[in-house]
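All remarks here apply to the structure that follows.
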Amino acid sequence: MIESAENRAADLKSSDHRHHMHPFTDHKELGEKGGTRIITRADGVYIYDSEGRKILDGMAGLWCVNLGYGRQELVDAAARQMQELPYYNSFFQCTHPPAIELSELLSELSPGNFNHVFFTGSGSEANDTQIRLIRRYWDLQGQPEKMTIIARKNAYHGSTLGGASLGGMSAMHEQMVLPVPGIVHIEQPYQFELGADLSAAEFGLQQARLLEQKILEIGVDKVAAFIGEPVQGAGGVIIPPDSYWPEIQRICDQYGILLVADEVITAFGRLGEWFGSTHFGIRPDLISFAKGVSSGYLPLGGALVSDRVADVVIARGGEFAHGYTYSGHPAACAVALTALRIMRDEGVVDRVREHTAPYFNQRWAGLAEHPIVGEARSLGLVGAIEIVKQKDSRERFHKDLAVGGLCRDFCIANGLVMRAVGDTMIVSPPLISEDSHIDELVDKAWKCLDLTAASAGAS
Ligand SMILES: *Cc1c(COP(=O)(O)O)cnc(C)c1O
């Protein structure tokens, strides 16, 4: 008997409900809302679900499918590598060509004095690695009491215990005894929520100086590092004022603490530069990457290590007692190598900076005219809109209305993936988006804001 596609989808959905525990998901609520949407294939900037619906992927998967879906070169790179050498480790004095070549290419593409890379399987593991590197660095410097890492509220640095500790998501901390000792958080540079009455320049300086206050409060002899995303992603695409990062840099320089840029989202073209640090003039000592490095086709992440840290942690000798079975997985490295070469050879980053981002920024800004939008901000190819009930007072809709979720559901129903973070809607379209895709994204967003307004009873 030939099973119909519909029956097959229904069976899968039911099986998913019975057996598959999803990340960051309320399964009771999911069941009540009719269960999961099954994505069966994808091409370019579109994904297709089991009902045959074509949906514009405004999030590039989860901020990662930067080259879009269906790039045959990436598929071929994986297949070739899997045939030749599907796996070998880089422990015990061994290595393999893909990891070597990718290390070299990353050293070439990265800013300033970065010449070493430690591979991981994910962004979370990259940040756990940073914690280990930071502690090792100060230990070898003869200052083991420099243990405290300063991070920010509402930051996202991953979901392992280390990543979740560095992150500033209270919902994650509450479900464990987190953060682990030695990690503290300062307030974030989120002007729409926290600094509406200040100029952007003043607000940026004020929020950066919280770092200095925290260093002085703890004592510089106890502070090891500061970590931040150049633009906070999962927290709601929070773009700091221009005055913020230079002041953070000044403070890190003045007190000699390590500066870690978590570039898991912002690296590899998202902000129109190979690294977001370049856009903001940040000179980090350590950089975390993942996501876009392989365009999401296979899992890969890592820590880029500057000469300042390498000269101590690597050059001085002694074993760095840290590593993952899949550190530098050959197939993942081969795919990343191909993805980065495509980006370089096709000028993807330049095109984002010179064309796609300016076009997106201009069209996205138009959403600020919508009656329930309090702010529309964007930088490079990330954007956010703040949904409000009252434009001028920035009053939000009642929490119980959950208008962000409402808007997201309207988007999906109308063929657009846009993510909700509370009542903030965010996008991160593939870097290879054409103008027509940007038009489709913004036009659909506007329409879904109309539907949201009507449904929420906006006056
Ligand atoms: C996604 C993300 C991470 C975690 O990466 P995983 O691969 O999910 O472990 C860390 N930092 C930032 C900034 C991220 O966006």
Side-chain angles (χ1 to χ4, degrees), residues 22-25 59-66 118-134 149 151-169 171-173 178-179 183 185 188-190 225-240 245 259-271 275-277 279-280 282 284 286-304 324-329 332-333 335-336 339 379-384 419 421 424 426-429 431:
H22 294 241
F24 289 102
T25 295
M59 281 303 296
L62 256 182
W63 325 85
C64 54
V65 189
N66 290 352
F118 188 99
F119 289 115
T120 70
S122 68
S124 303
E125 290 174 0
N127 286 324
D128 279 34
T129 301
Q130 303 292 19
I131 297 175
R132 305 291 305 276
L133 283 167
I134 293 163
I149 301 172
R152 300 178 300 179
K153 292 182 186 169
N154 196 37
Y156 189 75
H157 296 299
S159 206
T160 52
L161 296 186
S165 293
L166 291 172
M169 302 285 177
M172 293 173 77
H173 292 172
L178 295 179
I183 294 173
H185 297 84
Q188 55 180 329
Y190 187 4
F226 173 75
I227 183 169
E229 307 152 78
V231 169
Q232 284 157 264
V237 179
I238 292 154
I239 303 163
W245 277 110
L259 174 51
V260 188
D262 182 347
E263 295 238 27
V264 168
I265 288 173
T266 53
F268 311 118
R270 185 57 49 204
L271 303 186
F275 288 84
S277 290
H279 174 85
F280 286 107
I282 309 168
L286 293 158
I287 293 175
S288 306
F289 68 88
K291 294 192 172 125
V293 68
S294 59
S295 262
Y297 279 54
L298 282 177
L300 184 76
L304 284 163
Y324 305 104
T325 301
Y326 298 128
S327 284
H329 189 284
C333 286
V335 167
L379 179 68
L381 284 184
V382 284
R419 180 168 159 189
V421 178
T424 308
I426 60 176
V427 293
S428 162
L431 304 188

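Atoms within a ligand are numbered from 1 in the order they appear, just like the ligands themselves. Everything numeric here is computed off the predicted structure, so don't read it as measured data.
Close approach to E229 involves these atoms of ligand 1, each under 4.0 Å from a residue heavy atom: 13 (C). Near I265, meaning under 4.0 Å from one of its heavy atoms, ligand 1 places the atoms 15 (O). Those atoms of ligand 1 that come under 4.0 Å of a heavy atom in N127, given as number and element, are 10 (C), 11 (N). In summary, the atoms of ligand 1 found under 4.0 Å from a heavy atom of G123, numbered by their order in the structure, are 4 (C), 5 (O), 6 (P), 7 (O), 9 (O). Near V264, the atoms of ligand 1 lying under 4.0 angstrom from a non-hydrogen atom of the residue are 1 (C), 2 (C), 3 (C), 10 (C), 11 (N), 12 (C), 13 (C), 14 (C).
Of the protein's heavy atoms, D262 OD2, 2.7 Å lies nearest to atom 11 (N) of ligand 1. Ranking protein heavy atoms by distance to atom 10 (C) of ligand 1, first place goes to H157 C, 3.4 Å.
Residue-ligand proximity: K291 is placed with a non-hydrogen atom under 4.0 Å from ligand 1.
Atom CD1 in I131 sits 11.5 Å away from atom CG in L286 (nearest 0.5 Å). Taking NE2 from H157 and CE from M172, the interatomic distance works out to 11.0 Å, rounded to the nearest 0.5 Å.
Proximity of W63 to ligand 1, defined as any heavy-atom pair under 4.0 Å, is not found for any part of the residue.
In this structure, F280 and W245 have tilted ring planes: the angle between them lies in the 30° to 60° band. Relative ring orientation between F24 and Y156 is described as perpendicular, the plane-to-plane angle rising above 60° on a 0-90° scale split at 30° and 60°.
For Y324, the OH atom sits in a packed shell: over 12 heavy atoms of surrounding residues, nucleotides or ligands are nearer than 6.0 Å.
For atom 9 (O) of ligand 1, the choice among P230, A290, S124 with the nearest heavy atom turns out to be S124.
A heavy-atom distance below 4.5 Å is found between the side chains of Q188 and I238.
Side-chain contact of S277 with E263: a donor-acceptor pair under 3.5 Å is present, judged by distance alone.
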